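Reminder, nothing fancy here: chain letters follow the sequence lines and each chain counts from 1. Model, not experiment: these values are computed from the prediction. Quick note: numbers below take in every heavy atom, side chains included, and nothing from hydrogens, waters or symmetry partners.
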Protein chains: 2
Amino acid sequence: MSKTRIKTYDKIVIESLKLFNEHGERAITTNHISAHLGISPGNLYYHFRNKEEIVFQIFREYEAFIRDQLAPKTEGTITPQALSDQLDALFKGMWNYRFLFDDLPGLLSRNPQLQAEYHATIGTDLRPMMGDMLKGFARAGLLTFSSDEEIEQLAVNIWLVVKFWYAFEQSAAPKVPISAETGRRGARQVLALMRPYVTPDNKAAFTELDAHYR
Amino acid sequence: MSKTRIKTYDKIVIESLKLFNEHGERAITTNHISAHLGISPGNLYYHFRNKEEIVFQIFREYEAFIRDQLAPKTEGTITPQALSDQLDALFKGMWNYRFLFDDLPGLLSRNPQLQAEYHATIGTDLRPMMGDMLKGFARAGLLTFSSDEEIEQLAVNIWLVVKFWYAFEQSAAPKVPISAETGRRGARQVLALMRPYVTPDNKAAFTELDAHYR
């Protein structure tokens, strides 16, 4: 019994994420989700009181993903290649959760629980991790900065480009489906943000990374 | 008669813009707009067939504003101070049209006329102007680049930060009202994007500019 229960719960989360990404969160109701899964609305309500709870659960997964991406690395493992792999993973992950960023201010304003969680973690906890990550790159000799403020500003710009990249590309060319190529272009935009801070020893490796995304 | 007609038309556009910015475009109907203006729905429909036409008209104004901002400057007038004034004007202007960027992909998908206009101008016409502007800065000796691609990537990153700055700040701190200070922080983020490309002669002037935004 417990096993089936967990399975349905997970299925609801996984399939809701797909529906939200495809049609936008606002267009999808709990009735759409239960019909899509072939379960009764009552069965869905047994697991989630409303759509907002499903969105919240998806957001928790996104958070865990970002936390994992930004986790401090051991110094020896910070190489241009590792950075490239990380960028790949980051843009692939963002693509999985893209509905969250189509209308983030609206989504937060309609979901108080989500809003509280968002500010308890993203703003105060995860955003500083991006700065710490860049400091780790500096300690490993990959990047060099002239002040902590330079690091903070770069961290904000990277955060913003990563977060809104798919919304930006979608509005620039709505008839072109978002693809792996879109993610690669996003990764190159982030590399372009970092390039001015790459140490002379790593310039060549960085140029190669950029070539890898073409 | 013609004078009154123009006045009502303009009033509808101006007040709709205010309502969209305050409550989001989706929450506002033509009935809200006519009630807010103290005119009959019939009077509103005399000027605009539907809300989408009002949004379209506002978008045309936004376009004219951006075109003006990005217009080529005479070389002698390109100075750090002029750049700073331009950034001020840009972020103030973006603030005036902020509802457009809360959920841009959604807004475009609901408004085919807007979508066509958006792609006829923003993507193909205005976006390249940002690159041309940076090339003008380079010719004036303010910035220096090692390749055209570097310019293009910087242009895209600036475009993205300007476009999504208010949405970014709003999601980071929804209870803090967006203010002039928010725009100044955005301007500093754009300066941070440009700083690595500032020529040695202009480094000091750029540091002063940055101080002006604190």
**Message:** Evaluate Gln153(B) against Arg185(A) for side chain to side chain contact (heavy atoms under 4.5 Å, CB included), listing each step before the verdict.
**Reply:** CA-CA 10 Å; Gln153(B) 291 188 320; Arg185(A) 263 204 307 282; over 6 Å; no
Quick one: [atom1] on [X] to [atom2] on [Y], what's the gap to the nearest 0.5 Å?
X         : Y         : atom1 : atom2 : result
Glu152(B) : Gln189(A) : CD    : CD    : 9.5 Å
Leu160(A) : Lys163(B) : CG    : NZ    : 12.0 Å
Trp165(B) : Asn157(A) : CH2   : CG    : 7.5 Å
Arg195(A) : Glu150(B) : CZ    : CD    : 6.0 Å

**Request:** Could you tell me which portion of Leu107(A) (side chain, backbone, both or neither) has an atom closer than 4.5 angstrom to a non-hydrogen atom of chain B?
**Result:** neither
**Message:** For Val161(B) and Val156(A): C-alpha separation, side-chain torsions, deciding distance, then whether side chain to side chain contact (heavy atoms under 4.5 Å, CB included) applies.
**Reply:** CA-CA 10 Å; Val161(B) 169; Val156(A) 167; over 6 Å; no
**Asked** With a cut-off of 6.0 Å (strictly less than), are more than 12 heavy atoms of other residues, nucleotides or ligands near NZ of Lys203(A)?
**Response** yes
**Item:** More than 12 heavy atoms of other groups within 6.0 Å of Lys92(A) NZ
**Value:** no
**Request:** Check Tyr197(A) against Ala192(B) and note the closest heavy-atom contact, atom names and distance.
**Result:** OH-O, 4.0 Å
**Message:** For Phe164(A) and Phe164(B), take the angle between the two ring planes, folded into 0 to 90°, and tell me which bin it lands in: parallel under 30, tilted 30 to 60, perpendicular over 60.
**Reply:** parallel
**Item:** Under 4.5 Å from any heavy atom of chain A - which part of Leu191(B)
**Value:** neither
